[in-house]
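Right, one structure below, let's go through it.
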Amino acid sequence: MTPGQLAKEIGGGAPKTSRKINTLYRKGLITKEFGTPDDQRRVSLAVTDKGREVLALVGQAYEDWYANHIDEILEINGKLKY
């Protein structure tokens, strides 16, 4: 994935996405590969093993939270008028 593709996916602007990418890169959660045969300016991003571990932990924490709050969520949803 390129930074531009990521910005479109998450709905953020390029500068904001670039700052987030740099933070993830500094923490070792993603890699950056610079240049392709067609375009040396192109940057490709990939999730590292450490990044995958963090994603798994966040996913599990979300599932645990959701499981503990599902009744509350359903109650609130039942009160909403669409």
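Numbers for residues simply follow the sequence, beginning at 1.
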- Say whether, by atom type as modelled, one donor and one acceptor occur between the side chain of Ser44 and the main chain of Thr2 under 3.5 angstrom. no

- Task: Would you list the pairs meeting salt bridge (charged side-chain N to carboxylate O under 4.0 Å, His left out) in which at least one residue belongs to residues 5-30, sequence neighbours left out?
- Result: none

Test side chain to side chain donor-acceptor pair (under 3.5 Å) applied to [X] - qualifying residues, sequence neighbours left out:
{"X": "Glu53", "result": "none"}
{"X": "Glu75", "result": "Lys79"}
{"X": "Asn68", "result": "none"}

- Of Ile30, Leu45, Thr48, the residue whose pairing with Tyr25 passes side chain to side chain contact (heavy atoms under 4.5 Å, CB included): Ile30

- Query: Linking I/L/V/M/F/W/Y whenever any side-chain heavy atoms sit under 4.5 Å apart, do Tyr62 and Leu57 land together?
  - Reply: no

- Following the transitive rule for hydrophobic clusters with a side-chain heavy-atom cut-off under 4.5 Å over Ile, Leu, Val, Met, Phe, Trp and Tyr, establish whether Trp65 and Val58 coincide in one cluster. no

- Task: Quick one: list whatever passes side chain to side chain contact (heavy atoms under 4.5 Å, CB included) with Glu72, sequence neighbours left out.
- Result: His69, Ile76

- Message: Rounded at 0.5 Å granularity, tell me how far OG1 in Thr17 sits from CD1 in Ile21.
- Response: 6.0 Å

- Does Asp49 have any salt bridge (charged side-chain N to carboxylate O under 4.0 Å, His left out) partners at least two apart in sequence or in another chain, and if so, which? Arg52

- Message: So which atom in Val43 and which in Pro3 form the shortest heavy-atom distance, rounded to 0.1 Å?
- Response: O-CD, 3.3 Å

